[in-house]
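To start, the structure under review is shown below, and the notes come after it.
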Amino acid sequence: MPSDDSKDAANSSETTTLIQYGVIKTSAKGKKQDKLMDQHQYYEFGGPWSVTAMMLFFPVLMYYFWICLWFYDGQLVHPTSVDDIVPFVLRMWEHVRADAAPTLYTWSIYTGLMAFELFLAFVAPGFEQKGLPVPSLNYECLTYYCNALSSFYLTLATAAVLHTTHIFRITEIMNNFGSMMTVAILWGWAASFATYWITIAKGQQFRMSGNFFYDFWMGAPLNPRIGYVDLKMWAEVRIPWVLLFLIAVSGACKQYEEYGYVTANMAFMVLATGLYINACAKGEECIPQTWDMFHEKWGFMIIFWNFAGVPFTYCYSIVYMASHDPSTYHFSTPAYIALYTQLLVSYYIFDTSMSQKSRFRMQMQGITTFRKAFPQLPWSIIKNPTFIQTEHGNRLLTSGWWAYARKINYTADWFQSLSWGLCVGLASPIPYFYPIFFLVVLVHRCGRDFERCAIKYGEDWQKYCDVVKYKFIPGIY
Ligand code: NDP
């Protein structure tokens, strides 16, 4: 049952500043709603046919974009006539066969990195953090071992030693990009199958629809673990963003070896990907508060995207720059200033908004001492936050960045993604895949999340939407 304070606050449509740390108690009504949401409700992502098409289509799209970048000057190639369709497909296939076949060498690089990251997840220094109460585990709070930051630093140190001693030159990642991508795709599929079938064999499947293709896409387990390592959290941070950053460094090293300098555009991508992985790692203890952790299952959608999609598609501007003369994407000084400013402002809002909400949620769980990993930005924690007390028991933050829009973090994240495309200007359309794709992902994800919250919080969600009126852009939308 909710506490008296909760009841009082829930009866009011006003936001409140009443602060009681560690008082979150899920009400009986809230528990009923949680139970409902732990059952399969309806098909998302267009249902079984649509997810099957996406599973087949994504790898093909990844090869297509890589071929365009690598062999066709970054332009979108297509058949020149109906008669050219079959020869076109054969030409594409020949590129894959000749330049993207998996080799023992690329298999060792990718698998070696994954194994190293998994090893570090067990042994690198870190600390324990409680996640949100999990309804399906009788509201138990799982413990997460957070050592992504020390693992990242150890990875960087190891990569630097391997590079400078010539044991493994970091430029090899870019030189073997196609083949590495194939290995990543195969790993994405293999890990998805293994996770699915092992979970079924153990009888730990959760929120299943009964349709194999759909369940394979959404996943079977909610909290897959090996010992104390949470695989979902490990894969969300340690594989995609670490590898993406190494790809950016690889592109920069390649440029340096060829031209004797690194362009401001390439340095921009090293900074942008570095900020992103550092943000994920330094705020790792906030990740259990995101719905990827407490709600999404670990299926093909997340596994494939973490293992292959993020590192090998968000990097298109890097791949373009690593394979083209710098004169094709050179900007004026004011344009560089604008580009870097856009990134840093978007990053600031992304970092602090995520931190404000996660730390608010932690406070409500009773966690009041926070980690101070570098960099701690001003306004990361809101003093005396206002919120809406829901009948469910949870509280919805209405101050800080969250007073302005209900998905302000998505807006800031999207502007970061836009800058990743803008850094090559108009030289190639392919680096704009990330911002375009991400826009679709975020709008769709926002719809799914709001739908879920509307079920979970009922009228309180409407009250929240009345207080925080805009979704993405304050005053506009
Ligand atoms: P959010 O951090 O917005 O989490 C949504 C959840 O937070 C809701 O389900 C709700 O959970 C809770 N919530 C919503 N509003 C409030 C509020 N005002 N106060 C308190 N709790 C609230 O989103 P995500 O977890 O989807 O994303 C996290 C980040 O990851 C985003 O910045 C996103 O851009 C990024 N991301 C990046 C991707 C990439 O490929 N680059 C892909 C996907 C995400 P509850 O039910 O518990 O109340």
Side-chain angles (χ1 to χ4, degrees), residues 15 24 26 30 33-34 37-38 131-135 232-233 236-237 239-241 244 272-273 275-277 279-280 283 286-296 301-302 304-306 309-311 313-315 346-347 349-365 382 385-390 392-418 420 433-435 437-458 460-461 463-465 467-468 470-472:
T15 62
I24 289 294
T26 309
Q33 290 305 93
D34 287 343
M37 284 187 321
D38 279 351
L132 292 171
V134 185
K232 199 165 53 163
M233 194 154 104
E236 182 158 312
V237 178
I239 299 298
W241 303 108
L244 186 61
T273 54
L275 282 174
Y276 212 99
I277 168 61
C280 296
C286 300
I287 296 179
Q289 320 288 323
T290 66
W291 76 313
D292 267 355
M293 285 304 125
F294 70 77
H295 180 76
E296 293 284 29
M301 176 178 75
I302 294 188
F304 183 83
W305 211 244
N306 284 338
V310 169
T313 66
Y314 291 7
C315 64
S346 314
Y347 174 79
I349 301 174
F350 167 71
D351 181 317
T352 49
S353 62
M354 289 295 295
S355 166
Q356 286 176 356
K357 178 152 72 72
S358 290
R359 283 167 169 175
F360 167 76
R361 283 160 77 102
M362 284 181 190
Q363 285 173 335
M364 294 304 132
Q365 266 184 284
I382 311 167
T386 58
F387 55 84
I388 286 178
Q389 174 67 56
T390 65
H392 173 281
N394 278 0
R395 293 169 173 183
L396 296 167
L397 179 64
T398 53
S399 51
W401 289 113
W402 301 91
Y404 300 107
R406 301 196 294 276
K407 284 291 184 191
I408 194 87
N409 54 335
Y410 282 14
T411 309
D413 206 354
W414 184 77
F415 273 101
Q416 287 190 92
S417 74
L418 178 65
W420 295 23
F433 166 78
Y434 176 30
F437 168 80
F438 200 37
L439 184 67
V440 176
V441 168
L442 291 179
V443 170
H444 181 250
R445 199 174 157 95
C446 171
R448 287 179 68 215
D449 190 30
F450 284 179
E451 222 166 301
R452 201 181 62 78
C453 290
I455 298 174
K456 181 168 178 177
Y457 297 120
D460 291 320
W461 184 251
K463 281 181 201 163
Y464 169 63
C465 295
V467 173
V468 185
Y470 299 101
K471 275 188 191 172
F472 297 116

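Residues take their numbers from the sequence shown, with the count starting at 1. When a ligand or atom number is given, it counts from 1 through the structure's own listing order.
- In this structure, atom 39 (C) of ligand 1 lies nearest to the protein heavy atom Phe438 CE1, 3.3 Å.
- In this structure, Thr273 and Trp420 approach most closely via the heavy-atom pair CG2-CH2, 3.9 Å.
- Counting protein heavy atoms under 4.0 angstrom from atom 30 (O) of ligand 1 gives zero.
- The shell of residues lying under 4.0 angstrom from ligand 1, judged by heavy atoms, excludes Trp414.
- For the residues Trp305, Trp401, Trp402, Tyr314, the heavy atom positioned nearest atom 40 (O) of ligand 1 is part of Tyr314.
- Of the heavy atoms in Phe294, only side-chain atoms (C-beta onward) come closer than 4.0 Å to ligand 1.
- With a 4.0 Å heavy-atom cut-off, ligand 1 is reached by no atom of Ala412.
- Put simply, no part of Phe387 is less than 4.0 Å from ligand 1, judged by heavy atoms.
- Here's the thing with Leu397: one of its N/O atoms is less than 3.5 angstrom from an N/O atom of ligand 1.
- One option in Glu236, Met354, Arg452 has a heavy atom closer to atom 9 (O) of ligand 1 than any other, and that option is Arg452.
- Contacts of Asn394 with ligand 1, taken as heavy-atom pairs under 4.0 Å, involve the side chain alone.
- With a heavy-atom cut-off of 4.0 Å, Trp241 touches ligand 1 through its side chain alone.
- Closest approach of Cys446 and Lys471 over heavy atoms only: SG-CD, 4.3 Å.
- By the 3.5 Å distance cut-off applied to N or O atoms, Trp461 is not counted among the residues near ligand 1.
- Ring geometry, Tyr314 versus Phe437: the interplanar angle falls from 30° to 60°, so the pair is classed tilted.
- At a heavy-atom distance under 4.0 Å, atoms from both the backbone and the side chain of Thr290 approach ligand 1.
- Salt-bridge annotation for Arg445 and Asp292: present, with a side-chain N of the basic residue lying under 4.0 Å from a carboxylate O of the acidic one.
- The residue Phe437 has no part lying near ligand 1, judged by heavy-atom distances below 4.0 Å.
- Residue nearest to atom 11 (O) of ligand 1, selected from His295, Lys407, Met293, Arg361: Arg361 (by heavy-atom distance).
- In Arg445, the part holding a heavy atom less than 4.0 Å from any atom of ligand 1 is the side chain.
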